[in-house]
Every structure is written in structure tokens, then in C-alpha cells.
Amino acid sequence: MKPLRYLVPWLALAAAVLGVYLFHSQPEARPPAAVPGPQASPAPGTSPGPHVPGGAASPSPAPEEEALSGVWVPYLSLATEEHTQAAFEENFKSIANTARDKGLNALFVHVRAFCDAFYPSELYPWSHLLTGTQGQDPGFDPLAFMVEYTHSLGMEFHAWVNPLRVCTAETPGALSADNPYQALGQSEGYYFMEWEGAVFLNPAYPYVRTLVAEGAAEIAEKYPVDGIHFDDYFYPTQEAALDAEAYGLYCETVEEPMPLLEWRTANISAMVAEVYDRVKAARPEAAFGISPQGNLENDRNMGADVAAWCALPGYLDYICPQLYYGFEDPNLPYGEALAQWQALTRRQGLKLYVGLALYKEGDPEQGADWMDKGVIDRQIEAAQAVACDGVVLYSADYLEGR
């Protein structure tokens with residue numbers, strides 16, 4: 001009899017594979033008409049619909065939601081040299097105040113970048129950015145402070161998580177004993193993938209997918225966040241050597257194994273679906289969304305089936321592609337990329353936000369297309385013209401001076 005780990009990489013894939021198969025097997029996929037998407041709560045103070053003189057009142061129109069205008073706050077922006085509570089809080093206040101003063105209404109804050117946390121977690125160690133040492137308690141709860149302060153400014157707080165990355169070749173310098181890689185790497189090394197000096201969780205295994213989902217649910221349950229947000233890091237390479245053992249074990253146990261990329265895609269979709277379910281169970285009103293790369297082919301090569309996630313219920317509340325392209329980009333112009341994402345089938349209620357490269361504006365190294373100081377404004381206008389639901393800027397470090 002084969003060891004249990006020969007079976008675990010694929011036992012939980014059936015639902016994800018079936019959903020993806022049904023979506024892609026249709027000549028023109030459409031989300032089920034009878035399945036409504038999540039509906040936004042009416043805005044406070046919304047007035048009732050107009051009354052028709054001499055007749056019954058007409059149905060109240062849906063309140064018009066304010067478009068989301070957000071900014072990403074990466075983990076390095078949260079670090080301070082002092083490593084003290086006072087310095088951390090003062091730094092974050094400055095970031096949040098600047099965003100509010102620029103007219104933004106949402107922060108997407110990096111709270112778990114390396115299987116570590118900016119909050120006391122039962123699953124992940126403390127982030128090294130808080131004290132200089134991963135696993136060391138800073139003596140306060142940074143996430144609780146950030147959520148409370150952001151809400152005090154009337155802004156949304158979305159907890160940004162990198163779902164699979166454990167470390168890069170350089171960062172963090174040392175992993176704590178309670179980091180999942182340190183705790184499981186020797187006995188269950190197959191739960192991890194190593195590539196070019198970096199380490200990633202291996203989503204082929206149900207244990208790993210559940211760890212990621214429980215980590216997202218832990219945030220949603222303990223903190224009044226407005227959303228959980230994943231970035232664009234999934235499988236780091238197309239090379240078969242990355243997860244050859246897990247794929248080989250899978251192939252040994254099924255009569256007609258899926259091709260490698262299709263199998264990887266099923267793993268990621270199973271993880272995304274589990275995260276969605278766990279987040280909704282923990283905090284139904286919290287949104288779950290992903291910010292994939294803006295190039296759809298690149299997403300497919302990473303195992304990210306954004307087309308299925310957008311069209312089918314049970315995956316996402318919004319999608320926010322990173323359209324980091326100039327209007328004259330020779331490979332993928334901004335307008336063309338925007339049109340591709342706008343054309344994707346989206347289930348009822350799923351929102352489309354557009355991620356924009358604020359960091360490129362005015363930078364001569366990015367090329368002539370970015371030297372126009374108004375390029376981001378024009379990209380926002382283009383997104384509004386095709387009825388996108390909002391924009392998110394990368395990053396908070398580049399808000400000053402705008």
C-alpha cells in the first residue's frame with residue numbers, strides 16, 4: 001500500500017477540477033443566471049426611490065456605490081529603523097493620512113509576506129520587520145492598530161497576504177523555529193518548493209491549502225478587516241523540476257493524469273476556493289480578491305485560472321489585475337490590456353478593479369511613455385470610461401508630490 005502522502009496531493013482537487021472543466025468546456029461560458037453574486041450593503045443615509053405621483057411608488061434604485069480608490073502599502077513601507085511601537089504607529093499614521101489627503105478610500109496593507117505576520121498568529125511567526133528578528137514578539141498588535149486607525153479616517157482596510165512565499169534568497173535573513181518551513185521542512189519537506197534560493201509552500205497538498213485558508217480566516221475572524229487580498233505570486237516557474245515529486249506521485253495514482261500545468265492550475269483553484277469559503281465563514285461581509293499579473297498568458301502559466309475565477313461563483317468577490325503598462329507599450333499597451341480584462345466573463349456581483357503603476361510615472365528609466373506626469377490620471381479616466389469599479393495604485397511610497 002502506498003504511503004498516505006502519495007494520495008494527498010490530489011484528493012481535494014475534484015471540486016476545483018470539475019468547476020474549471022465545466023467552465024472551459026463550454027463554447028461561450030456564462031455564470032449561472034440563478035446564482036447571484038454578493039450584494040453591497042446600502043450606503044448609510046441612502047434616500048428611498050422616487051415616488052410616482054398618483055400611483056404606487058417605483059422600486060428603489062440600487063444605491064450608487066462609491067468607486068474604490070486604493071493604494072498598496074508593501075511590507076517594506078511598514079518597517080522602521082527604531083523597531084518600536086511608537087515609530088511603527090507614527091509611520092503608519094503618516095501613510096494613512098497621506099492616502100486620505102490624496103482622496104483615496106482604501107488601503108491594501110501587506111500583513112503577511114513571508115509566512116510571517118504583523119499580528120499575533122497561531123499559525124505563523126511574527127514578522128522580522130517589526131523587531132529585526134522573525135518570531136520575536138514586538139509587544140503590541142500592529143494589525144489591530146492599523147485597522148482601527150484606517151477606519152477612524154473613514155477608509156477601508158484590506159489585509160494583503162502573499163499566500164505561498166516562505167522566503168527569498170535574501171529575505172528574511174533567518175527563519176524562526178516556528179516558521180512552517182523550519183517546523184515541517186525536515187519531516188514533511190514535500191510541503192515546500194525551492195527555486196533559485198527561494199522557498200514556497202506547495203499547494204498540491206491539502207494540508208498546505210488548508211494552512212493558507214486558515215491563515216486568511218484567522219485574520220478575518222479576529223479583525224474587522226474589509227477584505228483579504230492576495231497578490232500575484234503563485235507557481236514561480238514553469239519548470240517541471242519545481243514540484244516533480246508531487247506531480248510524479250499524482251501521475252502514479254490516476255489512470256489519465258492531467259498535464260502538469262492543468263494539474264497545477266487545479267491546485268491553485270482548489271486553494272482559492274477554500275480560502276473564499278473560510279473567509280466568508282469567518283466574516284461574511286469581508287471581500288476576498290486577488291491581484292494577478294496584467295498579462296493573461298502569464299497568469300495561466302503561473303497556474304492562475306483568472307477566467308474561471310471571474311466567471312464562476314465561489315472563488316472571488318473582485319479581481320484587480322496589475323495593468324502596469326504604458327499606453328504605447330510595445331508588448332501589451334494599456335488600452336489593449338484593459339479591454340482584455342473588461343471582456344472577461346464576470347459572474348453577477350464580481351467587481352473589476354484596475355491596478356496601476358504609480359511608481360513608474362515620471363521615472364525616465366521606464367521610458368518616454370511614463371514621462372508624462374498625467375499618465376496615471378489618463379489611465380484612471382480610461383478605466384472609468386469602461387465602467388471599472390475602481391483603481392488601486394502601487395504604491396503608497398509614491399503618493400507624495402502628486
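Fair warning: this is a prediction, and the values are worked out from it, not measured in the lab.
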Practice problem: Could you walk me through whether Ser69 and Leu104 pass the side chain to side chain contact (heavy atoms under 4.5 Å, CB included) test, one step at a time? | Solution: CA-CA 5 Å; Ser69 54; Leu104 303 181; 4.0 Å; yes

Exercise. Give the C-alpha distance, both sets of side-chain angles, the deciding distance and a yes or no for side chain to side chain contact (heavy atoms under 4.5 Å, CB included) between Trp309 and Leu316.
Key: CA-CA 6 Å; Trp309 300 347; Leu316 301 174; 3.7 Å; yes

Exercise. Determine, step by step, whether Asp116 and Arg165 satisfy the salt bridge (Lys or Arg N to Asp or Glu O under 4.0 Å) criterion, reporting the C-alpha distance in whole Å, the side-chain angles of both residues, the deciding distance to 0.1 Å, and the verdict.
Key: CA-CA 10 Å; Asp116 55 10; Arg165 184 173 60 196; over 6 Å; no

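One finds no salt bridge joining Asp226 and Arg283 here, because no Lys/Arg side-chain nitrogen approaches an Asp/Glu carboxylate oxygen to under 4.0 Å.
Contact record, Ala266 with Met258: CB-CE, 4.2 Å, taken as the closest heavy-atom pair. For Val111 against Ala159, the heavy-atom pair with the smallest separation is CG2-CB, 3.8 Å. Listed here is the closest heavy atom pair of Ala220 and Val225: CA-CG2, 4.2 Å. Residues Lys222 and Pro120 approach most closely at NZ-O, 4.0 Å, considering heavy atoms. The two residues Ile228 and Tyr318 make their nearest non-hydrogen contact at O-OH, 4.1 Å. Closest approach of Trp160 and Phe108 over heavy atoms only: CE3-O, 3.4 Å.
For the side-chain contact (heavy atoms from CB on, under 4.5 Å) criterion with Leu358, the lone passing option out of Val375, Val391, Ile376 is Ile376.
How far NE2 of His128 is from OG of Ser176: 11.0 Å, rounded to the nearest 0.5 Å. Distance CZ/Phe234 to CG/Asn301: 13.5 Å, rounded to 0.5 Å. Taking OH from Tyr205 and CG from Asp243, the interatomic distance works out to 9.0 Å, rounded to the nearest 0.5 Å. We find the CD1-OG distance between Ile95 and Ser77 to be 5.5 Å, quoted to the nearest 0.5 Å. How far CG of Leu175 is from SG of Cys115: 9.0 Å, rounded to the nearest 0.5 Å.
Residues Glu194 and Tyr181 bring a donor and an acceptor atom of their side chains to less than 3.5 Å of each other. Under 3.5 Å, the side chains of Glu274 and Thr210 contain a donor-acceptor pair of N or O atoms. Under 3.5 Å, the side chains of Arg112 and Tyr119 contain a donor-acceptor pair of N or O atoms. Asp305 and Thr265 are not linked by any side-chain donor-acceptor pair at a separation below 3.5 angstrom, with hydrogens and angles left out of the test. At a cut-off of 3.5 Å, with distance as the only test, no side-chain donor of Asn202 or Tyr207 sits close to an acceptor on the other residue.
Ring pair Tyr250/Tyr247 is tilted by interplanar angle, where 30° to 60° counts as tilted. The aromatic rings of Phe114 and Tyr75 sit perpendicular, their planes meeting at an angle over 60°, well past the 30° parallel limit. Under the 30°/60° scheme for interplanar angles, the aromatic rings of Trp72 and His229 are found to be tilted.
Crowding of Glu297 atom CD: a count of heavy atoms from other residues, nucleotides or ligands under 6.0 Å not exceeding 12.
For Tyr334 and Phe327, the gap between ring centers is short of 6.0 Å. For an aromatic pair to be called close, the ring centres must be under 6.0 Å apart, and Phe230 with Phe288 satisfies this. Under the 6.0 Å cut-off for aromatic ring centres, Phe140 and Phe145 do not qualify, their centroids lying 6.0 Å or more apart. For Phe157 and Tyr223, the gap between ring centers reaches or exceeds 6.0 Å.
Checked against ring-ring contact (aromatic ring centres under 6.0 Å, His included), Phe118 has no partners two or more places apart in sequence or in another chain. The ring-ring contact (aromatic ring centres under 6.0 Å, His included) test applied to Tyr398 returns no partner, not counting sequence neighbours.
Phe192 places a side-chain heavy atom less than 4.5 Å from the side chain of Val199.
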